[in-house]
Amino acid sequence: MTDNAQLPPQYSPGEVEGPRYALWEKAGYFTADPERDAPTFSIVIPPPNVTGVLHIGHALDHTIIDTIVRRRRMQGYTALWLPGMDHAGIATQNVVERELAKEGLSRHDLGRERFTERVWQWKAESGGKILGQMRRLGDSVDWTRERFTMDEGLSRAVQTIFKRLFDEGLIYRAERIINWCPRCLTALSDIEVDHSDDEGELVSIRYGDGDDSIVVATTRAETMLGDTAVAVHPDDERYQHLVGQTVALPLTGRRIPIIADEHVDPAFGTGAVKVTPAHDPNDFEIGRRHDLPSLTVLDERGVVTAHGPFQGLDRFEARPAVVDALRELGRIVAEKRPYLHAVGHCQRCGTTVEPRLSLQWFVRVAPLAQAAGDAVRDGRVTLHPAEMNARYFAWVDDMHDWCISRQLWWGHRIPVWYGPEGEVRCVGPDEEPPAGDGWRQDSDVLDTWFSSALWPFSTLGWPDDTPDLHAFYPTSVLVTGYDILFFWVVRMMMFGLYAMRDRPPADSVPFRDVALHGLVRDATGKKMSKSRGNAVDPLDWIDRFGADATRFTLARGANPGSDVPVSDEWAAGSRNFVNKLWNAARFALGHGARVPRRRPDPAALSAPDRWILSRLSSVIAEVDRDLDRFELAKACDTLYHFAWDEVCDWYLELAKIPLNAAVDHPDDAAAQTAAEATREVLGLVLDNLLKLLHPVMPFVTDELWTALTGEESVMVAAWPRLSFDDPVAEAELSAVMRLVTEVRRFRSDQGLRPSQRVVARLRGLDGSAAAGHEEAVRFLLRLTPPADDFTATAAIEAEGVTVELDTAGTIDVAAERRRMDKDLAAARKEADQAQAKLNNPSFTAKA
RNA sequence: GGGCGCAUAGCUCAGCGGAAGAGCAUCCGCCUUACAAGCGGAAGGUCAUAGGUUCGAACCCUAUUGCGCCCACCA
């Protein structure tokens with residue numbers, strides 16, 4: 001027995017994690033070499049916004065990705081996890097503007113150029129924090145390939161694809177009603193608007209007088225100043241006589257036509273609707289159909305511009321003012337208040353969005369969305385879980401054109417110049433912008449998601465034909481939260497397929513699999529938020545429980561597509577598991593466990609040895625199957641129970657028998673041989689267990705594996721493969737365990753003290769298992785010999801009382817064998833198929 | 001208004017056609033020389049409700065109720 005003074009009885013993550021990460025980085029384990037002769041595996045990070053720090057949701061995402069990547073690396077792939085960050089246009093600009101506001105400045109005080117410099121400066125500070133956090137988490141990212149969406153290379157990719165889309169008519173500029181944030185002062189895309197049912201009012205207003213009057217209902221009374229028509233349904237009998245007439249618009253005296261349009265629902269309200277083409281998307285469409293003028297009555301801040309008493313009022317002040325004025329004129333027919341209806345809010349600042357008529361740039365999405373849908377339909381891309389398909393198809397099959405221009409300063413400037421004669425020229429990355437008087441560049445920038453959409457290939461060097469692009473595109477898996485399925489995943493699909501359309505269809509997709517996870521929630525399933533005070537800071541957990549425990553807690557809850565509840569208690573449970581592992585290793589190392597050079601000969605092994613190896617080989621198959629399906633939670637659960645319940649609770653206890661015997665009888669050669677065999681099995685089991693756990697718990701496993709093998713790092717060890725089925729040993733041990741459990745229960749039920757002598761007399765299981773395991777049973781029960789006749793029923797004498805336990809029963813070894821063979825065969829087959837899929841040459845871009 | 005999903009032990013969730021499971025929490029007993037961040041034992045569920053299919057249903061079908069999420073231009 002060697003002394004184990006080198007390992008303390010409690011694991012201290014803080015002492016291990018920093019040095020381990022430094023070692024990995026220094027050794028270059030994270031760096032993927034595209035020239036290496038091996039299949040490739042690649043994942044691009046969902047780039048965190050530079051606006052802040054990583055939250056627990058990032059920790060979940062990174063844990064899943066790192067687990068996947070580390071396993072592939074061990075399986076021999078050239079595995080790349082490409083890191084980087086997103087410039088997050090509107091979010092970052094808002095943050096920096098807030099900083100400026102503290103100094104009493106606005107961005108206009110600095111001017112565009114100096115403001116942008118200021119943002120870059122801010123990015124340098126904030127981005128550094130994020131990178132440090134990723135190291136603390138243990139992310140095995142390839143730091144040599146770190147990217148930023150505003151990098152020169154990525155900006156070139158943006159310009160390239162913009163030009164291509166423009167030239168092919170898939171990007172156009174048009175005057176449309178768009179979502180406008182009156183606080184951020186920019187256009188927003190449809191999905192950047194969050195709808196909620198808010199309390200408003202529904203007022204019915206009488207337009208015109210007498211028989212020719214008509215009553216309209218509206219929630220936006222203030223916009224009536226910009227009405228240019230009243231619309232009714234063409235089949236509505238009530239208003240037939242008015243269609244084609246004009247009616248006087250109150251407060252303004254303008255006369256507006258009454259028109260008939262299919263869009264109007266005769267059953268809603270009065271069946272008549274005011275038409276304000278400049279301030280409502282539906283009305284805009286009606287206006288287009290009927291050639292109505294658009295009258296803008298609100299400016300970019302939502303302030304009334306129409307001449308008259310309301311001019312200068314904010315939209316929310318103008319509304320009651322207009323209603324009051326109408327009421328005085330006796331034109332308010334009905335008022336419903338509160339009236340609950342859907343109102344759009346700016347995703348970034350919560351301000352009520354204003355539909356606004358303006359000139360913006362759009363992507364014509366129809367053909368791109370069609371392709372994005374097809375790639376999933378024909379199986380080139382697989383969504384996990386498959387339940388997300390419905391949502392995905394519903395989205396891509398009915399997608400509106402994407403408004404991509406933003407009236408911001410932080411972002412990719414739109415590469416279009418306007419000439420003095422009204423010329424419009426889109427400038428590609430290798431072209432000189434037009435020079436000369438009167439030419440100016442579009443002042444807007446692109447939606448931040450425009451550049452994110454290029455991420456899977458822009459980060460690999462596109463539009464250049466680089467070795468990286470060759471080796472790592474398509475990426476293997478995209479791991480992200482379902483909350484950005486539409487923002488990001490769909491758009492990567494559209495742009496990836498478009499940019500890579502020269503490739504064979506199977507290789508044009510941006511990724512093969514999409515593994516969607518949920519949000520991290522608290523222990524009662526509530527959403528985490530700072531204001532609620534239930535948010536977990538991943539760094540806090542890492543400090544208190546260690547990175548491995550933090551990762552394990554997240555991974556253990558990561559069922560595909562569903563939210564992940566966590567709590568301090570569960571993190572503590574994970575920490576306990578890490579410590580359990582630590583102590584198991586400490587025990588094994590202290591008893592001279594070592595990894596055998598060759599696979600042990602089953603004939604030379606004891607039943608417990610064969611049992612644990614048989615179990616180990618099943619566990620490997622199970623873990624492989626689960627990880628191939630992105631079922632992290634299942635894999636973690638399997639490993640947790642195998643390590644704790646089987647290895648620690650039973651095998652290590654059983655191993656003490658031969659190990660102690662060897663110490664007690666130093667001159668007994670047979671005892672020494674038996675102990676040596678057990679040391680090897682112990683080493684083998686520990687070796688494999690540490691490897692299996694390494695992807696999810698990289699630090700502690702690396703530390704222990706290094707101690708076990710003397711090698712540098714488990715990161716570069718080969719992923720376990722072990723075929724060792726022994727149904728007989730499993731049946732035997734199962735009988736022993738049941739027997740022991742039964743007796744323990746009896747002891748506990750009888751309230752026996754440890755000091756009370758207990759004798760179990762066990763007669764042999766008829767023709768089977770436990771018969772040969774008297775010693776083990778005695779040891780596990782701490783029985784006093786002699787107990788020489790074993791029986792199918794265990795008789796226990798305690799305190800002079802004899803109790804018959806109807807226990808072990810008989811074990812049908814043949815049936816056990818059949819059952820396990822069946823399960824194992826199925827598991828193996830699946831694992832092999834998954835392996836075959838990954839080894840398929842078409843999977844890698846390498847020729 | 002459409003679409004999707006969920007209802008299983010006190011809490012959070014696995015199980016998805018063949019004898020009700022896990023983690024945490026609870027109770028009882030143990031400082032047993034790897035680990036008290038531990039060990040052994042226990043208690044706790046007509047698997048939302050009502051029908052149906054089946055030899056057999058937590059699991060499949062139908063309806064109901066209650067939640068959750070996504071999408072949506074009903075003024």
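Residue numbers start from 1 in every chain, and the chains themselves are labelled A, B, ... in the order their sequence lines are given, proteins ahead of strands.
- The side chain of A:Asp649 lies closest to B:C39, out of B:C24, B:C70, B:C39.
- Side-chain N/O atoms of A:Lys656 include none lying less than 4.0 angstrom from OP1 or OP2 on B:U32.
- Between B:G68 and B:G23, the distance separating the two C1' atoms is 23 Å to the nearest Å.
- Here A:Tyr392 does not reach the OP1 or OP2 of B:C70: none of its side-chain N or O atoms lies under 4.0 Å away.
- Across all strands, A:Phe545 comes closer than 4.0 Å to no nucleic acid atom at all (heavy-atom distances).
- When the C1' atom is compared between B:C28 and B:C67, the two are found 38 Å apart, to the nearest whole Å.
- Contact annotation: A:Lys634 side-chain N/O to B:A22 OP1/OP2 distance is not under 4.0 Å.
- B:G56 is unpaired under the criterion used here, namely a Watson-Crick or G-U wobble arrangement in which both key atom distances are under 3.5 Å.
- Summarising the base pairing, B:G44 is matched to no nucleotide, lacking a Watson-Crick or G-U wobble pair whose two defining distances lie under 3.5 Å.
- The closest side-chain donor-acceptor pair between A:Trp705 and A:Asp687 falls under 3.5 angstrom.
- Pairing partner, B:U32: none, since no Watson-Crick or wobble contact has both distances short of 3.5 Å.
- Ion pairing of A:Arg315 with A:Glu222 is absent here, as no side-chain N (NZ or NE/NH1/NH2) approaches a carboxylate O to less than 4.0 Å.
- Checking the phosphate oxygens (OP1, OP2) of B:A37, no side-chain nitrogen or oxygen of A:Asn583 falls inside 4.0 Å.
- Using a 4.0 Å heavy-atom cutoff across all strands shown, A:His341 reaches sugar-phosphate atoms only and no base atom.
- Note on A:Arg391: a base of the nucleic acid sits closer than 4.0 angstrom, heavy atoms only.
- With a cut-off of 3.5 Å on both pairing distances, the Watson-Crick or G-U wobble partner of B:G21 is B:C13.
- Using a 4.0 Å heavy-atom cutoff across all strands shown, A:Arg556 reaches sugar-phosphate atoms only and no base atom.
- Side-chain contact check for A:Tyr651 and A:Asp645: no donor-acceptor pair (N or O, by modelled atom type) lies under 3.5 Å.
- Using a cutoff of 4.0 Å between basic side-chain nitrogens and carboxylate oxygens, A:Asp283 and A:Arg288 are not scored as salt-bridged.
- Closest-nucleotide positions on RNA chain B for A:Glu653 and A:His641 were compared, and the one nearer the 5' end corresponds to A:His641.
- Nucleotide B:A63 forms a Watson-Crick or G-U wobble pair with B:U49, both donor-acceptor distances falling under 3.5 Å.
- For A:Trp644 and B:C39, the shortest distance from a side-chain N or O to OP1 or OP2 is below 4.0 Å.
- When the P atom of B:A43 is taken as reference, atom CZ of A:Arg745 falls 8 Å away, rounded to whole Å.
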